[in-house]
Every structure is written in structure tokens, then in C-alpha cells.
Amino acid sequence: MTRIALLSQRLANQIAAGEVVERPASVVKELLENCLDAGADRIEIDIEQGGSKLIRIRDNGAGIVKDDLGLALSRHATSKIANLDDLENIASLGFRGEALASICSVSRLELTSRAQVATDDTAWRVEAEGQEMSTAISPAAHPQGTTVEVRDLFFNTPARKKFLRTEKTEFDRLEEVVKRLALSRFDVAFSLRHNQRVIQHLHAALSAQEQQRRVALVCGPAFVENSIQIDIEASGLRLWGWVSLPTFSRSQADLQYFYVNGRIIRDKLVSHAVKQAYQDVLFHGRHPAFVLYLDIDPAAVDVNVHPTKHEVRFREQRSVHDIIY
């Protein structure tokens, strides 16, 4: 055994990237969550070669001030939490401050932003490349908001690049991430292009009818035609959304979206409650379809239990199970 030594910043970020950045789809997820946290209501996503060559995401959110740009690419640097109380009462999608640093360590990243609170019309650009992790800030032209360009994903970690699937497979997974987030925020317009071709163009859906139309675009019109809308409140919880009729069952659990305070999760407790509710009306091996939203006090749910934030822990598991059932 050799002596214990501190890891370099670059290597530490690449290890963190192994948890957060599996493929282009996970880069898009992290960047889109930042856009939504910044208050954007219009997001444009440009993809080339399934995301391995280019991921460009532009939003019209609050932006980042010049002095914070370099810090934005540092590890454990965030504007979303400041102390333990914040960590136990998380209302934002991101909070660890690791995503940009992790992405930056395995790609060539360029971030251009003009802050809402900027005193002049100048936007600023910061560039970083995985190899050095050093940043260079320069003035740029950009409307209010932020654009992040991620080029040549895994260019400096060829072993990770080998694990990527075909361009179509990677893009399909990426598109699924965009769909999930589009269902989580009806008030935001999303545009997705792949190799200069428009794939999705979703306008903001503010009325109930427009929301139903967006669900139909993402999940298919057959789902909306064969589902009922629910909206119930009990013990401080609100559960609303769309659940399929038993006659509209699936051979696999591929049309199941569950959101807690706008965050999509996969949870055994939720799956069990839904399965139990449908068990008397579905054949064995068939799965229901649903798009469900649970509104809950942020202090009653712990979202910091999984590196990719796909799982949560409810403090009152029984009441959550009961309202779903």
C-alpha cells in the first residue's frame, strides 16, 4: 500500500462524474434542472450525434453574475442551499453544486450568461476543458439567461465513451428525460432539436385543456382518452394527475410518471401502492399507466438519498401510501 494522499481536483470531479454523468441524457437532466431552478419559462435544447458531440441548452432564466461564473464550475458551489436547515427543506431540483463541475471534468464546456440583475448589457462567457479544469472568463453577447454548451463528452475518458450505445439509443434516452421534465413543468416551453431537426416543440400549457394536450403529446392520445383525472387532498398532501383505466394496461411499466414537488422519482413505496390499488382489476403481468403529482411539505421528504436524486425517503410513509392507494 502507498501513502494516503489527497486526490487532485480533476480526478475528484471525474469520480463524482461517474455517479452523476452516465451518458448524454444525464447531462441534459442536470442542465435542465438548473434552467428550471433559475426560473426559466422557455428552454431550447440542441443536440448533435445523440449528445456525444454537442449538447447546447439555452434558457431565459435569472442568469449568473460575472463574479459567480468561475465559481459555478467549482465543486460544491451552489446558490440553492447555505446551511443544514436548507438541506432539510429543499424546494429546488438541484442543490449539491456538483453537476457542472462533474460535466466539466469529462467534456469541453462553455457557459455564457447575462444576469437579470446585471448593471450593464454585457454577458460573460466562461470556458473550461476537462484536462485542466482552469477557467477563462471573457465578455460575450447574449440575452438575459444562460447558454451551456457541452462538447465532446468523455473525450478524455475513452473507457467511459466505449460504454455509450448507438446515436439513436442515446438520443431516445435523452428525449425521454426532456419528456419527463416537460410533464413536471407545464408552465415552461420546451424545444428539442437533433442534428438541426425539430423533434419536440412544446408551448407553455397554462389551461387545463393545454395541460391535457401536453400529456397527450408526451404519453400518446390513447393514454388521455383511456384515463381519468384525479385531484384529492388528505392529511396535508395533495395527489393529482391522470390514471389509466384498467382496460388500458401495458405489458411493461413504461408509462408511469410520478412526481414529488415537481421532481420525478422512482419509488418502491409508490409502485407498491399503485400495484395494490389495481391488483383486483388487472391481469397478472399487466401494468397500469399514470402521470401523478404529489405535493407535500418539503420538510416531510428527504431528497438527498441517491446520487442521481431518483429516489426519495418519505418521513410519513404510511400516509403517502394511503393517499395513493
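Using a cut-off of 4.0 Å between Lys/Arg side-chain N and Asp/Glu carboxylate O, Arg165 and Glu170 are scored as not salt-bridged.
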Item to complete: With side chain to side chain contact (heavy atoms under 4.5 Å, CB included) as the test, would you mind laying out the steps for Val270 and Leu292 before giving the verdict?
Response: CA-CA 10 Å; Val270 172; Leu292 285 173; over 6 Å; no

Practice prompt. Show the numbers, then the answer: is there a side chain to side chain contact (heavy atoms under 4.5 Å, CB included) between His142 and Arg58?
Written response: CA-CA 10 Å; His142 193 279; Arg58 171 177 283 202; 3.9 Å; yes

Fill in: Evaluation steps, salt bridge (Lys or Arg N to Asp or Glu O under 4.0 Å), between Arg313 and Asp267
CA-CA 9 Å; Arg313 188 181 293 126; Asp267 189 86; over 6 Å; no

Item to complete: Using the salt bridge (Lys or Arg N to Asp or Glu O under 4.0 Å) rule, take Arg125 and Glu127 through it: C-alpha gap first, then chi angles, then the decisive distance, then the call.
Response: CA-CA 7 Å; Arg125 176 181 295 122; Glu127 295 175 61; 5.2 Å; no

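A donor-acceptor pair is defined here as one N or O able to donate and one able to accept, closer than 3.5 Å; no such pair exists between the side chain of Arg173 and the backbone of Arg23. Using a distance-only test at 3.5 Å, with no hydrogens or angles considered, no donor-acceptor pair links the side chain of Ser249 to the main chain of His287. The backbone N or O of Pro288 lies less than 3.5 Å from a partner atom in the side chain of Gln256, making a donor-acceptor pair. In this structure a side-chain-to-backbone donor-acceptor pair under 3.5 Å is missing from Glu311 to Arg266.
Looking only at side-chain heavy atoms (C-beta outward), Phe314 and Leu294 come within less than 4.5 Å of each other. Inter-residue side-chain proximity for Cys219 and Leu183 is flagged as met; some heavy-atom pair is nearer than 4.5 Å.
Applying the side chain to side chain donor-acceptor pair (under 3.5 Å) rule to pairs touching residues 213-225 yields nothing, sequence neighbours excluded. Within the structure, side chain to side chain donor-acceptor pair (under 3.5 Å) contacts touching residues 79-94 (residues at least two apart or in different chains) are Asn34-Lys80, Asp37-Lys80.
Between Phe171 and His194, the two ring planes are parallel [angle under 30°; tilted spans 30° to 60°]. Aromatic ring pairs are classed by plane angle as parallel below 30°, tilted from 30° to 60° and perpendicular above 60°; the pair Tyr259 and Tyr293 is parallel.
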Which atom pairs, one a donor and one an acceptor, fall under 3.5 Å between side chains of residues 272-280 and the rest of the protein, sequence neighbours left out?
from: His272; atom 1: ND1; to: His321; atom 2: NE2; distance (Å): 3.0
from: Gln276; atom 1: OE1; to: His321; atom 2: NE2; distance (Å): 3.4
from: Tyr278; atom 1: OH; to: Ser244; atom 2: O; distance (Å): 2.5

